[in-house]
Each structure stands twice: as structure tokens, then as C-alpha cells.
Amino acid sequence: MTVAVLALQGAFIEHEHMLKKLGVDTIELRQASDMQKDFDGIILPGGESTVQGKLLRDLGMFEPLREKILSGVPVLATCAGMILLAQDIARQDDTYLATIPVTVRRNAYGRQLGSFHTEENVAGIGQVPMTFVRAPYVDALHSDTAGNKPEILSVVLDRIVGIRYKNQLAFAFHPELDTDTRIHESFIEMIHNYLQ
Ligand code: GLN
């Protein structure tokens, strides 16, 4: 199994370390030609979604990445990654990959709570440490054309911070910045199911 980590900007190394710890091979997605390589899962890391979105377009990676995701390759997105996947972004016209029918709100916790650490439940996993860094949250879930809505996996401070939609897992916090590996493990299990 090989997982491709989008490595244009942000906290991608931490995801690679976590996968290495779990014995999973990684490759980095840095340019259009990397999209032709063989991989079975994709990680979209935290960072700055506007920068990542622009680089994806400038480097010609945007369409091939979107096609991979729509073809069913499992995706784990954290923080800025969640913003890249959202179909709608509050107070912003630009959207990016737009493969999950949700509205997200960027930098959504205000100045006081710009960055914080907590522990909350993630459906199917249990209590998980959560590090939020100028994080988004999910403002609204929408139905796709088949009437399916994303599933809520986690709620913090009455705000949705974890969702699953088909092959895509998205979290507003940074599981790669804590030592708990269970979110990555559940992603690996998702890839195993996809490969069967
Ligand atoms: N604030 C960032 C954005 O809007 C996300 C922060 C993060 O990924 N830690 O893209």
C-alpha cells in the first residue's frame, strides 16, 4: 500500500512520519507528473488553503487530483485540506476541489480560540486528542444529487469538526500533530477496504 501526501505547502512531513510509524509507504505529490504514480490513498495536509489551491492550479495538478478523488481513491484531509474539499466556503467566492457537499467556515473560532487543544469523541474511534490551528469548521451539510449527506464523525464546541463522505474523511484539527495514531489507522483500514 502506498499513500500519496500532497506536499506543496503546510504540515505534510508530520503525516509522512505518522504513516512511516504505521509501516505504510508514502510518496509526495509535488508536480503534475507525480499524479501519474501508483498510489492507493491521498492525504491533504493542513496549511494555507488559498496557497495550496493556487499552487494546485498553477502546477496543473488540480484536475488530475480531483479526478482521482472522484474515482474513489480514499482521502484523508486535515484543516486546510478540509477547506480544499468543501463545495462551499462561507464569506469566500473561491472554492477548490469541491468534492464534499458541505459549507465550511475558515478561521472560524475567533481570536481567543485561534489555536487550542482538546479531546473529544470521533465516531468509531473514541476519545481523540485534537489540536486546532486557525481551523475551519463545517457550517452546513448538504445533500448531493443522490440525496446523500456527509456523515458527522465529530463535534467540538457545538461545531462539526469531522465528517465522512463516501471515500473522503475530513477533520478540522491536526491528528498528525499528536501522537495518537488511530485516525490514520482508520484511514489505512479504509484503503484496505477500497483495495479488496
Ligand atoms: N487557516 C487555514 C486556512 O484557511 C487553515 C489552517 C490550518 O490548516 N492549520 O487555510
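Counting convention: from 1, in listed order, for ligands and their atoms alike.
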Side chain Asn148, main chain Asp144, donor-acceptor under 3.5 Å: no
Using a 4.0 Å cutoff against the non-hydrogen atoms of Gly46, which atoms of ligand 1 qualify? 8 (O)
Between Thr50 and ligand 1, which residue portion shows a heavy-atom distance shorter than 4.0 Å: side chain, backbone, both, or neither? neither
Check whether any side-chain N or O of Ser154 sits under 3.5 Å from a backbone N or O of Asn121 as a donor-acceptor pair, and report yes or no. yes
Say whether, by atom type as modelled, one donor and one acceptor occur between the side chain of Gln52 and the main chain of Ala80 under 3.5 angstrom. no
Looking only at distances, can you tell me whether any N or O atom of Ala80, backbone or side chain, sits closer than 3.5 Å to an N or O atom of ligand 1? yes
State whether the side chain of Gln92 and the backbone N or O of Asp94 hold a donor-acceptor pair below 3.5 Å, judged by distance alone. yes
Going by the atom numbers of ligand 1, which of them fall below 4.0 Å from some non-hydrogen atom of Glu48? 2 (C), 3 (C), 4 (O), 10 (O)
Would you say ligand 1 has an N or O under 3.5 Å from any N or O of Pro136? no
If hydrogens are left out, which of Gly10, Ser49, Ser115, Ala108 has an atom nearest to atom 3 (C) of ligand 1, that is, the closest non-hydrogen atom? Ser49
With heavy atoms of Gly47 as the reference, note each atom of ligand 1 found under 4.0 Å away. 2 (C), 5 (C), 6 (C), 7 (C), 8 (O), 10 (O)
Min N/O separation Val133 to ligand 1 under 3.5 Å: yes
Using distance alone, decide if ligand 1 has a nitrogen or oxygen within less than 3.5 Å of any nitrogen or oxygen in Arg106. yes
Could you label the plane-to-plane angle of the Phe116 and Phe132 rings as parallel, tilted or perpendicular, counting under 30° as parallel and over 60° as perpendicular? parallel
Any salt bridge between Arg106 and Glu48, counting N to O under 4.0 Å? yes
